[in-house]
Amino acid sequence: MDTHTPFLSNLAIHNITVHPSIRPTSIPNSGIGILATSSIPANTQLAFVPRRSLINPTTLPARPSGSPKLSPHAQLALALLSPPEKLKTWVATVPADFSSHPLCWRDEEIFLLPRSVGRLLDDLRTRYEKDRDSVSPVDEERFKWAWLVVNTRTLYHPAGGMTMCPFIDYFNHSDSGCKVELTARGYTVTTQQDIKEGEEVFVTYGHHSSDFLLVEYGFCPEGNGHDYVACDGWMEFGEKREAVIREKGYWGKWVRDREGWCYRSQVAGGVGGPGYLDGVLGKIREEAKEKISAAEKLQEGYPKLMLLRRWKQILKLC
């Protein structure tokens with residue numbers, strides 16, 4: 001049986017309402033997404049999930065007295081491993097495999113990531129390992145699966161923090177997606193423009209770089225109007241120049257986007273001396289070409305697709 005049918009045919013149990021002109025469907029290289037089955041005008045509510053159907057640490061059963069303190073992320077991951085009966089049909093709809101996520105890539109694939117992605121991935125791995133160790137002993141592969149479900153499919157709720165939202169988690173990301181709004185009653189998804197029959201319907205996960213989207217959500221979009229490259233990994237200074245930049249208050253967070261260098265980068269580059277930033281660009285371009293050449297030799301698959309796409313985007317920004 002299709003793993004989505006039991007959940008979708010019983011949305012009323014969760015008090016979830018969905019517009020009749022949308023349905024989940026398989027999207028190439030994107031897993032499951034939402035498709036419009038007929039034209040939908042702007043300002044149409046597509047989905048509503050009430051507060052009582054949200055899943056966050058405040059809605060989970062209380063943990064036994066004396067239990068070790070766990071992060072909200074770890075609590076939600078454990079809940080996915082042993083879901084209550086009411087949630088089992090929804091849990092069956094989430095991805096069963098996260099081998100496409102950078103946290104699960106092979107070493108030779110991770111080695112080819114841009115430095116800007118590698119730094120974010122190191123931070124993510126540190127968070128994961130801290131949560132994994134806090135719940136030990138546990139089946140690590142199962143826990144990593146649950147942890148990535150939470151990391152890639154939660155919204156932020158002001159009262160509950162990390163919050164899983166059944167059905168709304170079907171929507172994929174786009175710069176110009178539908179509006180997701182938290183009201184007193186729950187979360188709503190509303191169109192902000194007309195949608196044609198057969199088009200995929202998106203929401204916006206936020207104004208993030210493609211580095212961030214790749215590490216946190218596991219994908220690098222083909223287009224991203226908010227994209228930039230964090231260049232800290234390529235900008236090096238001696239101790240004296242570092243001290244000057246720190247004194248000025250511009251150490252780190254050096255960014256280049258389609259408009260050029262950010263002001264912080266310009267200040268740091270000025271301390272580096274004439275031509276410093278041009279030298280950084282040259283270093284990034286040379287590394288990009290080397291890594292693209294190496295990535296082209298990888299076996300066909302999602303990591304290769306993401307690596308080539310991200311490096312080519314970085315070349316355009318630099």
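Computed from a predicted model, the values in this text were never measured in an experiment.
Under a 3.5 Å cut-off, the side chain of Trp105 and the backbone N or O of Ser100 do form a donor-acceptor pair. No side-chain donor-acceptor contact under 3.5 Å links Thr154 to the backbone of Met162.
Between Trp147 and His73, a ring centre-to-centre spacing shorter than 6.0 Å is recorded. Proximity of the aromatic rings of Tyr217 and Tyr205 is defined here by a centroid distance below 6.0 angstrom, and this criterion is met.
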Decide yes or no on ring-ring contact (aromatic ring centres under 6.0 Å, His included) for His4 and Tyr170, but give the supporting numbers first.
CA-CA 11 Å; His4 300 273; Tyr170 275 128; 5.6 Å; yes
Stepwise side chain to side chain contact (heavy atoms under 4.5 Å, CB included) test for Ile16 and Phe48:
CA-CA 6 Å; Ile16 297 171; Phe48 168 71; over 6 Å; no
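Cation-pi geometry between Lys291 and Phe111 is met: under 6.0 angstrom from the ring centre, within 45 degrees of the axis. For the pair Arg256 and Tyr228, the cation-pi criterion (under 6.0 Å, within 45° of the ring axis) is not fulfilled.
Ion pairing between Asp227 and Arg310 holds under the 4.0 Å rule for side-chain N and carboxylate O.
The other residues sharing a hydrophobic cluster with Tyr276 are Val229, Trp234, Met235, Phe237, Val244, Ile245, Tyr250, Trp251, Trp254, Trp261, Tyr263, Val267, Val271, Leu277, Val280, Leu281, Ile284, Ile292, Leu308, Trp311, Ile314, Leu315, Leu317, where clustering joins ILVMFWY side chains under 4.5 Å apart.
Within 6.0 Å of the CZ atom in Arg185, the count of heavy atoms belonging to other residues, nucleotides or ligands does not exceed 12. Annotation: Lys86, atom NZ; neighbour count of heavy atoms from other residues, nucleotides and ligands within 6.0 Å is above 12.
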